[in-house]
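One structure below.
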Amino acid sequence: AILPILEAPDPRLRVVSKPVETVDEALRTLIDDMFETMYDAPGIGLAAIQVGVPKRVLVIDLGDGEGATDETPVRNPRVFINPELFEPSEEQNLYNEGCLSVPDQYAEVERPAVIHARWLDRDGAKHEARLDGLLATCLQHEMDHLEGILFIDHLSRLKREMILKKLDKARKTRRAA
Ligand SMILES: O=C(O)C[C@@H](Cc1ccccc1)C(=O)SCC(=O)c1ccccc1
Ligand SMILES: [Zn+2]
């Protein structure tokens, strides 16, 4: 099912999500709904808290599947349950990030270029890898969501307040329509 995505400044986006206890059918249904919601948005990542579920699970699909090109992205769905990040590189990457909970607003965010990640997949199997590129950027953006952090929190107060004001204006015009 396509689920409603919470939008800033909704306080529910600010809670810290709790670890998943058991990887069961109910969780796999939530994961499938998260993918359907993300593809519909469209987006390249989604954390459960963004659809109102404070569980430490997130999905990513960079469209970089086997043989993908920019013209024809190929689905490459990735599931991260109870993800942990460590050993971030000194080297940083700058990326013009967006967020499905901060619609139509983009800003440059600096994050470590390479990170070490440990997580469970949709079958509960353990994985560990060093990740880089857009996957590292996206995973760190989603991990922030699990801590109740939005990408605008990494910006200057001025930029953050400008973006929140634009969101408020867009919401008012949407409601008026
Ligand atoms: O809010 C989210 O977590 C989704 C967000 C993920 C993300 C984007 C860019 C950098 C880091 C994390 C998005 O997917 S915003 C939409 C977006 O970037 C996009 C949409 C369609 C095609 C390609 C990208
Ligand atoms: Zn986001």
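One-based numbering, in listed order, for ligands and for the atoms of each. Every value quoted in this text rests on a predicted model; they were computed, and no experiment measured them.
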His141 neighbourhood, listing ligand 1 atoms whose heavy-atom distance to it stays under 4.0 Å: 1 (O), 2 (C), 3 (O), 11 (C), 12 (C)
Non-hydrogen side-chain atoms of Ser17 and Arg56 separated by less than 4.5 Å: yes
Minimum side-chain heavy-atom gap Leu139-Ile60 below 4.5 Å: yes
Protein heavy-atom partner closest to atom 10 (C) of ligand 1 - residue, atom, separation in Å: Glu97 CG, 3.6 Å
Sub-4.0 Å atoms of ligand 1 with respect to non-hydrogen atoms of Gly43: 14 (O), 20 (C)
Protein heavy-atom partner closest to atom 17 (C) of ligand 1 - residue, atom, separation in Å: Tyr106 OH, 4.4 Å
Backbone or side-chain N or O of Asn96 under 3.5 Å from ligand 1 N or O: no
Nearest neighbour in protein (non-hydrogen) for atom 6 (C) of ligand 1: Glu142 OE2, 3.5 Å
Identity and separation of the nearest protein heavy atom to atom 22 (C) of ligand 1: Ile44 CG2, 4.4 Å
Side-chain heavy-atom pair Ile44, Asp61 within 4.5 angstrom cut-off: no
Met38 touching ligand 1 at heavy-atom level, < 4.0 angstrom: no
Those atoms of ligand 1 less than 4.0 Å from some heavy atom in His145: 1 (O), 3 (O)
Aromatic ring pairing Trp119/His127, orientation class (parallel under 30°, perpendicular over 60°, tilted between): parallel
Check: Glu7/Ser101 side-chain N/O donor and acceptor closer than 3.5 Å: no
Residue pair Gln50 / Thr37, side-chain heavy-atom distance below 4.5 Å: no
Under 3.5 Å side-chain donor-acceptor pair for Asp64 and Asn76: yes
Nearest-neighbour protein heavy atom for atom 4 (C) of ligand 1, which is reported as residue plus atom name and distance: Gly45 O, 3.1 Å
Taking atom 20 (C) of ligand 1 as the reference point, the nearest protein heavy atom with its distance: Pro42 O, 3.5 Å
For Gly98, the ligand 1 atoms whose distance to one of its heavy atoms is below 4.0 Å: 5 (C), 7 (C), 8 (C), 9 (C), 15 (S)
NE2 (His145) to the Zn ion (ligand 2) to NE2 (His141) angle, given to the nearest 10 degrees: 110°
SB check Lys166 Glu161 (cutoff 4.0 Å): no
Minimum non-hydrogen distance to atom 1 (O) of ligand 1, winning option of Val109, Leu100, Leu139: Leu100
Salt-bridge contact Arg28-Asp33 (side-chain N to carboxylate O under 4.0 Å): no
